[in-house]
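Side chains included, hydrogens not; waters and symmetry mates left out as well; all remaining heavy atoms used.
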Amino acid sequence: MKIVVLDGYTINHGDVSWKELQHVGDLNIYDRTANNQIIERIADADAILTNKVAIDAEIIKQSKKIKYIGVMATGYNVVDIDAAKNKGIIVTNVPAYSTESVAQMVFAHILNITNSVEHYAILNRNGKWSKSLDFCYYDRKQIQLSGSTIGIIGLGNIGMRVAQIASAFGLRVIANTSKPQISLPSYICKCGISQLFSESDFITLHCPLTKEIHHIISHPTIEQMKSSAIIINTGRGALVNEIDMANALQNGRIFAYCADVLEQEPPSEDNPLLKCDNSYITPHIAWATPQSRQKLINVLAQNLVAFNNGKPINVVN
C-alpha cells in the first residue's frame with residue numbers, strides 16, 4: 001500500500017515518530033502541499049492522509065487509485081465525504097487524541113487572566129517589584145475560580161474533561177448539551193443556552209461547527225452575558241463573530257476573550273482581535289503537545305491497519 005501524507009509538518013516537526021505508519025505501507029511524506037500539487041502527488045497512492053489540505057469532489061473524481069482518505073484530525077470538513085462515499089472511498093478521522101492537551105489550554109488561558117501571571121512577570125522584569133514600598137503590590141483584580149460559574153457549550157470528550165477539571169477547582173459547572181441530565185455527573189447541571197449566557201463567569205466552547213451554531217457568539221448573545229464574562233474558544237473560529245467580539249471587548253461589554261482558533265488561519269494582520277488588549281490569541285496549538293501528536297500518528301496507523309483487515313474503524317462517511 002502506498003500512503004501519501006499531504007501536510008505532515010504541523011503533525012511532526014521531527015520530535016515524534018512516524019514509525020507506526022511506516023510499518024503499514026510505503027509512506028511518502030510531504031511537509032506541505034499546494035492545491036496545484038495535490039493531483040500529481042496522489043496519482044499512484046492507495047491511501048492519502050491530510051490535515052488541512054482540502055480534498056474536494058473534483059480531486060476525488062480525478063483520483064484513480066485512492067481507496068482510503070485519513071483525516072489527521074478530529075474534524076473532517078476538509079474532505080467531501082459524500083463524494084468519497086459515492087466513489088467507494090472510506091474516510092476516517094482521529095477522535096479524542098487531544099482531549100488532555102486542549103483541556104489544559106482552556107485552563108492555561110483562564111489562569112493567565114484570573115491571576116495575571118504574564119502581566120506581573122513582565123512588570124517585574126522591568127523592576128516594578130524592586131521599587132515597591134510594600135512587600136507586595138497589585139494593580140489588577142485577582143479572580144478566584146472557586147465559587148464562580150463556568151458554562152460549557154458541548155459535552156464531548158473535551159467538554160467533559162474541562163467540566164471535570166473545573167469541578168476540581170471548585171467552579172459551579174453548567175452545560176448546554178444534548179445529553180440528558182440523568183447521564184451526567186452530579187457536578188454538571190444541564191441548562192438552556194440563554195441561562196448559560198446570563199449566569200456564566202466563564203464560557204468555553206466545545207461544540208462542533210454546524211450551520212445552526214455558526215457565530216453562536218455574536219452581538220445578540222453577547223448582550224445576554226455579564227460584562228465581566230471571560231470567553232474561551234478552543235473549538236472552531238467561526239463559532240464567534242470576531243467583529244462583534246472585538247467591539248464588545250473595546251467597549252467593555254466583555255471582560256476578556258481567549259481563543260486558540262480563528263475564522264481565517266493564519267489570520268489577516270488587520271484582524272481586530274489581534275489588536276485588543278483584553279484578547280488573548282494562541283496560534284491553534286492547543287492540540288499540539290508531543291503526546292497528542294504521537295497519539296494522533298499511532299491512531300492513524302491503527303485506522304489504516306483496520307482498513308487493510310477489512311474492518312475499518314473511525315469511519316465518518
**Q** Under the side-chain contact (heavy atoms from CB on, under 4.5 Å) test, which residues partner Q144, sequence neighbours left out?
**A** S146
**Q** List, by chain and then residue number, the residues other than I243 in its hydrophobic cluster (Ile/Leu/Val/Met/Phe/Trp/Tyr, side-chain heavy atoms under 4.5 Å); write none if there are no others.
**A** none
**Q** Given 3.5 Å as the limit, does a donor-acceptor pair link the side chain of N124 with the main chain of Y120, or not?
**A** yes
**Q** Which one of D15, N12, T10 satisfies the side chain to side chain donor-acceptor pair (under 3.5 Å) criterion with R293?
**A** D15
**Q** If I compare all heavy atoms of E265 with all of H284, which pair ends up nearest, and what's the gap?
**A** OE1-ND1, 2.7 Å
**Q** With side chains defined as the heavy atoms from C-beta onward, is the minimum distance between T33 and T50 less than 4.5 Å?
**A** no
**Q** Considering non-hydrogen atoms only, spot the tightest contact between G252 and S227 and give its length.
**A** O-CB, 3.8 Å
**Q** For residues 299-313, please give each side-chain donor-acceptor pair under 3.5 Å, one per line with the distance, not counting sequence neighbours.
**A**
| residue | atom | partner | partner atom | Å |
| --- | --- | --- | --- | --- |
| N303 | OD1 | N314 | ND2 | 2.8 |
| N303 | ND2 | N93 | O | 3.0 |
| N309 | ND2 | V305 | O | 3.3 |

**Q** Identify all side-chain donor-acceptor contacts of residues 70-88 below 3.5 Å with residues at least two apart in sequence or on another chain.
**A**
| residue | atom | partner | partner atom | Å |
| --- | --- | --- | --- | --- |
| T74 | OG1 | V94 | O | 2.8 |
| D80 | OD1 | D82 | N | 3.3 |
| D80 | OD1 | A83 | N | 2.9 |
| N86 | ND2 | D82 | O | 3.3 |
| K87 | NZ | I60 | O | 2.7 |
| K87 | NZ | K61 | O | 3.2 |
| K87 | NZ | S63 | O | 2.3 |

**Q** On a heavy-atom basis, which atom in T99 and which in A96 lie closest, and how many Å separate them?
**A** OG1-O, 3.4 Å
**Q** Name all residues meeting the ring pair (Phe, Tyr, Trp, His ring centres under 6.0 Å) criterion together with Y9; count only those two or more places apart in sequence or in a different chain, and write none if there are none.
**A** H13
**Q** Any chance you could pull the hydrophobic cluster mates of L262, using side-chain heavy atoms under 4.5 angstrom and chaining through other members?
**A** I153, I174, I193, L196, F197, I203, L205, L209, I213, I216, I217, I222, M225, I231, L239, V240, M245, L249, I254, Y257, L273, L274, I281
